[in-house]
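Okay, structure first, notes after.
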Protein chains: 4
Amino acid sequence: MKLQSQSGEKPLWSQLYDVLESRILNGVYKEGEVLPSEMSLMEEFGVSRVTVRQAMDKLIHSKLISRKRGKGTIVLKKKVQWKLCFNLLLMVLKKK
Amino acid sequence: MKLQSQSGEKPLWSQLYDVLESRILNGVYKEGEVLPSEMSLMEEFGVSRVTVRQAMDKLIHSKLISRKRGKGTIVLKKKVQWKLCFNLLLMVLKKK
Amino acid sequence: MKLQSQSGEKPLWSQLYDVLESRILNGVYKEGEVLPSEMSLMEEFGVSRVTVRQAMDKLIHSKLISRKRGKGTIVLKKKVQWKLCFNLLLMVLKKK
Amino acid sequence: MKLQSQSGEKPLWSQLYDVLESRILNGVYKEGEVLPSEMSLMEEFGVSRVTVRQAMDKLIHSKLISRKRGKGTIVLKKKVQWKLCFNLLLMVLKKK
DNA sequence: GTGGTCTAGACCACG
DNA sequence: GTGGTCTAGACCACG
């Protein structure tokens, strides 16, 4: 997937955050399973490792994922989070 | 190099534009290579960052350079540009 | 000030966090005033900008400072935080 | 270069140690310069990271190299080391 | 001239 | 072979 690097867009890490968040909410990455490694995400999105980690730092802050050295990054159990549900709903509606 | 900041002169950014343009046209900065960083140019010409960026903005507009965040500023492939040729000719004549 | 970069020590950013935290708690950097810039801290401690920012990110998370683009980093109003008071006390006692 | 992984051979890390040591002593990797990265050595010799690091740990112990996080691995100034001289001599004799 | 973002790429600590 | 730390240094956005 290609992110927009033109000026006027959100920063790359923020765009990546949005993509990963929606994949988690949509179950592309399932609870308790591992996310693709930082290396894979670098390649898939064509960004540097720092950018990947910046997006992940925010996902940790949102309590969506957790990192484990030597193991990988796992998707946490979802709690009902109304704000996220609302955003997801918006996204779905926009696609129609 | 010292730019003229007395009144009656062209604005600093415009003088800087001229210098950078001529260096590109003369091959001091070669096609495909990186320009000195904004920091270096600030020091070399004793001007502020805003001035450097103002000059560079015009060079981008003239399609002489291109900026890439985290990478640097590169000199674009020259296409025949009659206006520039004319200016270059003037410059050469002045030196004689 | 020199940080310890030998293996077996805490990471540099963590050591830097401790120093900055204690300076804030001791009033070396006062409430509402600006911290030294990232550039200054890089020089004072001989670390890279990323390391300085990593320490600062944690200080933001602890609600001790706040960053403002184009302005600088300011020390927030202290609230009584018992955990920090306790650590400070320990530090003072250790020095005796 | 291919290392021997058949039984009866020295361990991989030890073979790798020998190769790297000889390259340093022969000046393939020169004093004060950086060694190829761990990643490069993994690929060149078709071994795992652990093996590369095991060989390097021994080179550090022999005071032939020094690692610096974020910088790389550099070749130290050689002091006269009789044991190494002896091994080097053996190597030269074997080639004849 | 500050903090914000980004690149490329190294070694470290843990499995 | 993952995530953790670190370096050096670029341009960007805001004053």
Side-chain angles (χ1 to χ4, degrees), chain A residues 3 5-16 34-42 46-57 60 65-74, chain B residues 34-40 42 48-50 52-53 56-57 66-74, chain C residues 3 5-16 34-42 46-57 60 65-74, chain D residues 34-40 42 48-50 52-53 56-57 60 65-74:
Chain A
L3 303 178
S5 65
Q6 273 129 273
S7 85
E9 295 290 336
K10 283 164 116 176
L12 289 175
W13 69 260
S14 179
Q15 296 178 51
L16 181 54
V34 298
L35 234 62
S37 73
E38 300 178 346
M39 212 70 165
S40 308
L41 294 173
M42 284 169 68
V47 296
S48 77
R49 188 166 167 209
V50 170
T51 303
V52 170
R53 288 181 64 80
Q54 221 167 338
M56 283 184 161
D57 284 342
I60 288 170
I65 63 172
S66 172
R67 283 191 286 219
K68 209 76 188 163
R69 188 191 303 206
K71 291 291 198 52
T73 303
I74 61 161
Chain B
V34 297
L35 234 62
S37 74
E38 300 178 344
M39 214 64 166
S40 306
M42 284 168 67
S48 79
R49 185 153 202 158
V50 171
V52 170
R53 289 183 66 78
M56 283 184 161
D57 285 343
S66 172
R67 280 191 288 218
K68 205 78 188 161
R69 188 192 297 208
K71 293 290 198 54
T73 303
I74 61 159
Chain C
L3 303 177
S5 66
Q6 274 129 271
S7 87
E9 296 290 334
K10 287 165 112 176
L12 290 175
W13 69 259
S14 180
Q15 296 178 51
L16 182 52
V34 296
L35 235 62
S37 72
E38 299 179 345
M39 211 70 165
S40 308
L41 294 173
M42 286 169 67
V47 296
S48 76
R49 188 164 168 212
V50 170
T51 303
V52 171
R53 289 180 65 80
Q54 221 168 335
M56 282 184 163
D57 284 344
I60 289 170
I65 63 172
S66 172
R67 280 190 288 219
K68 209 79 187 162
R69 189 193 300 210
K71 292 292 199 52
T73 303
I74 61 162
Chain D
V34 296
L35 234 62
S37 74
E38 299 178 346
M39 213 66 167
S40 308
M42 283 169 68
S48 78
R49 185 152 202 160
V50 172
V52 171
R53 289 184 66 78
M56 282 185 164
D57 285 344
I60 289 170
I65 63 173
S66 172
R67 281 191 288 218
K68 203 80 188 162
R69 187 189 298 207
K71 291 292 197 52
T73 303
I74 61 160

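Labels below follow one simple rule: chain letters A, B, ... track the order of the sequence lines, proteins then strands, and each chain is numbered from 1. On a predicted model such as this, the values are computed, not experimentally measured, just so you know.
- When distances are taken from the side chain of R69(D) to each of dT7(F), dT2(E), dT5(F), the shortest belongs to dT5(F).
- When each of dT7(F), dT7(E), dC6(E) is scored by its nearest atom to the side-chain atoms of W13(A), the top-ranked nucleotide is dC6(E).
- Nucleotide dT2(F) holds its C1' atom 13 Å from the CG atom of L41(A), rounded to whole Å.
- Contacts of R69(C) classified as salt bridge (charged side-chain N to carboxylate O under 4.0 Å, His left out), with partners at least two apart in sequence or in another chain: none.
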>> side chain to side chain contact (heavy atoms under 4.5 Å, CB included) for I65(D) and M56(D)? Distances and angles first, verdict last.
In response: CA-CA 8 Å; I65(D) 63 173; M56(D) 282 185 164; 4.1 Å; yes
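- Atoms CE (M39(B)) and P (dA10(F)) sit 9 Å apart, rounded to a whole Å.
- Regarding D57(C), its CG atom lies at a distance of 14 Å from the C1' atom of dT5(F), rounded to whole Å.
- In terms of heavy-atom proximity, L41(A) sits nearest to P36(A) at CD1-O, 3.9 Å.
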>> Between M39(D) and R49(D), is the side chain to side chain contact (heavy atoms under 4.5 Å, CB included) condition met? List the steps.
In response: CA-CA 7 Å; M39(D) 213 66 167; R49(D) 185 152 202 160; 4.3 Å; yes
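- Residue T51(A) places no side-chain N or O under 4.0 Å from the OP1 or OP2 atom of dT5(E).
- Straight-line distance from the NZ atom of K68(C) to the C1' atom of dG15(F): 12 Å, rounded to whole Å.
- Remark on DNA chain F: of its neighbouring residues M42(D) and M56(B), the 5'-side contact belongs to M42(D), judged by nearest-heavy-atom nucleotide.
- The distance from atom CG of L12(A) to atom P of dC11(F) is 17 Å, rounded to the nearest whole Å.
- Distance I60(C) CD1 to dG3(E) C1': 10 Å, rounded to the nearest Å.
- Residue R53(D) places no side-chain N or O under 4.0 Å from the OP1 or OP2 atom of dC11(E).
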>> For a side chain to side chain contact (heavy atoms under 4.5 Å, CB included) check, start with the C-alpha distance between R67(C) and I60(C), then their side-chain angles and the critical distance, and finish with the verdict.
In response: CA-CA 8 Å; R67(C) 280 190 288 219; I60(C) 289 170; 3.5 Å; yes
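- We find that CD1 of I74(B) is positioned 13 Å from C1' of dC11(F), with the value rounded to whole Å.
- Taking atom NZ on K10(A) and atom P on dG4(E), their separation rounds to 18 Å, with Å as the unit.
- Place V50(B) and T73(B) on DNA chain F by their nearest nucleotides, and T73(B) ends up nearer the 5' end.
- Across dT5(E), dG3(F), dC6(F), the shortest atom-to-atom separation from the side chain of E38(A) is found for dG3(F).
- The shortest distance between the side-chain N/O atoms of R67(D) and the OP1/OP2 oxygens of dC12(E) is below 4.0 Å.
- A distance of 9.5 Å separates CG of L3(A) from OG1 of T51(A), quoted to the nearest 0.5 Å.
- A close approach under 4.0 Å does not occur between any side-chain nitrogen or oxygen of K71(B) and OP1 or OP2 of dC11(F).
- Within the structure, every side-chain polar atom (N or O) of S48(C) is placed at least 4.0 Å from both OP1 and OP2 of dA8(F).
- DNA chain F contains the following stems of three or more consecutive Watson-Crick or G-U pairs, with both distances under 3.5 Å: E:1-14 with F:1-14.
- Residue contacts for V34(B): at a heavy-atom cut-off of 4.0 Å it reaches no nucleic acid atom on any strand shown.
- Taking only distance into account, the side chain of R49(A) meets the base of dG4(F) through a donor-acceptor pair shorter than 3.5 Å.
- Neither OP1 nor OP2 of dG1(E) sits under 4.0 Å from any side-chain N or O of S37(C).
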